[in-house]
Undergrad: 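Okay, here's the structure, questions in a sec.
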Number of protein chains: 2
Amino acid sequence: MNTPRVSRESVLDAAMRLVEEQGFEALSMRRLAAELGVAVTAIYWHVGNREALIAQLVDRVLAQLGDVAPAGRSPRQRIIAVGKALRRMIHDHPHVIALVYEHGRTALMMLPAERALAREVGAAGLDGRRGAVVVRAVLHHVVGYVLLERAVRRGPEQHPTTAELWRDADEIGIEPGLARELGRPVDQDRLFELSLRALVDGLLR
Amino acid sequence: MNTPRVSRESVLDAAMRLVEEQGFEALSMRRLAAELGVAVTAIYWHVGNREALIAQLVDRVLAQLGDVAPAGRSPRQRIIAVGKALRRMIHDHPHVIALVYEHGRTALMMLPAERALAREVGAAGLDGRRGAVVVRAVLHHVVGYVLLERAVRRGPEQHPTTAELWRDADEIGIEPGLARELGRPVDQDRLFELSLRALVDGLLR
DNA sequence: ACCTGAACACCGTTCAAGT
DNA sequence: ACCTGAACACCGTTCAAGT
């Protein structure tokens, strides 16, 4: 009886490395096997099939993520802080969101932040119905924003550049100063913070 | 000289049908060929390779989408109307967003709505810098919201159901009435409209 | 308990060859 | 100009067989 060549953990480790270094689409059973120096079918013994492997990867990653820590004096400030922390957390683990999104477990990823928001909203003294709307609206705004950031960033070098798209804008009734501004690249950090603040202000009014 | 068996258009038609009926992942060159009753390689002659095929599909779909029509009396109402129309448009073409998202051309899909928003924001009398923030914040909110809706809807029947997730909430400092409310299913239409209104209110203040 | 090898049914893509 | 067939390098998965 000789020691096992791989284990569930070593398979997950290698899979995680593959995803982090080469992206989600590089994760194939055969490449994984080659990486581990083992026959493809050995992997199946340890983790089941590909879908199960990904599920276990998602579980592991979600466990690592950790809670978001709110900071600030007023409930309003703390709600905004949770939103910013959530975005930062997702940004710090770009491979995670691909994995989680592709496997349809976004709702679970958002749960810690949802709870943190619920605490702050409760502290702000809102009743259940109005409070739930605030929690969910903020949560949706933040996560949706990050998903879109990802989608747009992934875009190829656009054939028509952003500036060109707005060159003819005044001909179709768009104010020139506005068109010029919209032709510039977006400062995502600034836009995120401004829109989050506006949303929270609108919700707490 | 006999007539061609397929054309660029017939290939795109068949590909579109495949995506609409069986989803994006069902679109393979070989299946497409089988559907058309032709050798796989014939497709390559007409559309290039798979990536090029998808690009042409995206172009065609974006051309079909049409503009969003604003309605309402005040600029504020019209901005909200554009946001709602954009979400409806994306919802009406669920296969489109998969295609566009997967191919990184989300920014182009948003352009008509962005222009409609720019007109309304200009009419509201905001200057360039502030107006651009409003346009982009609303646009990001709406599209991000829809992307997240998609992600969450795709989630498998969660092992822990939503209600269970909030059962122990009061033990970790969450107000019971709020926890009960968060355990209920989300009314997406209502939440979308409320959060959009709040965002616009916060932005126009 | 743990691993291999062969086999099956799929992929996308290239290339020489046919009409 | 338009299409075929063979070939190559990939996939995920199952199954019988080995130790």
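Just so we're on the same page: letters track the sequence lines, and every chain starts at 1. Computed from a prediction, not measured in an experiment: that's the story for all the values here.
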Undergrad: Where do Leu53(A) and Ala15(A) come nearest, in terms of heavy atoms and distance?
TA: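 In terms of heavy atoms, the two residues are closest at CD1-CB, 4.2 Å.
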Undergrad: Please lay out, stage by stage, how Glu149(B) and His91(B) fare under the test side-chain hydrogen bond (donor to acceptor under 3.5 Å, both in side chains).
TA: CA-CA 10 Å; Glu149(B) 263 184 293; His91(B) 272 200; 3.2 Å; yes
Undergrad: Could you tell me which nucleotide pairs with dT4(D) by Watson-Crick or G-U wobble geometry, both distances under 3.5 Å, or answer none if nothing does?
TA: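 WC or wobble partner is dA16(C).
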Undergrad: Start with the C-alpha gap between His140(A) and Ser195(B), add the side-chain angles, then the distance that decides, and say whether side-chain hydrogen bond (donor to acceptor under 3.5 Å, both in side chains) holds.
TA: CA-CA 9 Å; His140(A) 273 69; Ser195(B) 60; over 6 Å; no
Undergrad: If you apply the rule salt bridge (charged side-chain N to carboxylate O under 4.0 Å, His left out), what do you find for Arg17(A) with Glu35(A), and how did you get there?
TA: CA-CA 10 Å; Arg17(A) 254 203 351 264; Glu35(A) 203 84 12; 3.8 Å; yes
Undergrad: Just name whichever nucleotide pairs with dA9(D), Watson-Crick or G-U, keeping both distances under 3.5 Å, else none.
TA: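 Partner of dA9(D): none found under 3.5 Å.
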Undergrad: Anything under 30° is parallel, anything over 60° is perpendicular, the rest tilted; go ahead and classify Tyr145(A) against Phe192(A).
TA: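 It falls in the perpendicular class, over 60°.
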Undergrad: Between Arg105(B) and Asp59(B), is the closest basic N to carboxylate O distance under 4.0 Å?
TA: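 A salt bridge is present here (some side-chain N lies under 4.0 Å from a carboxylate O).
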Undergrad: Short of 4.0 Å, heavy atom to strand atom, which residues of residues 44-55 of chain B count as contacting DNA chain D?
TA: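 Close to the strand are Trp45(B), His46(B).
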Undergrad: Taking CG from Leu36(B) and P from dC3(D), how many angstroms apart are they, rounded to a whole number?
TA: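 Whole-Å distance recorded here is 10 Å.
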Undergrad: How long is the span from the NE2 atom in His46(A) to the OG1 atom in Thr41(A), to the nearest 0.5 Å?
TA: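 The NE2 atom of His46(A) sits 10.5 Å away from the OG1 atom of Thr41(A).
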Undergrad: Do you see a donor-acceptor pair shorter than 3.5 Å between the side chains of Gln56(A) and Arg8(A)?
TA: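 On atom types as modelled, these side chains qualify, holding a pair under 3.5 Å.
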Undergrad: In residues 18-34 of chain B, which ones come under 4.0 Å of DNA chain D, going by heavy atoms?
TA: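 Close to the strand are Arg30(B).
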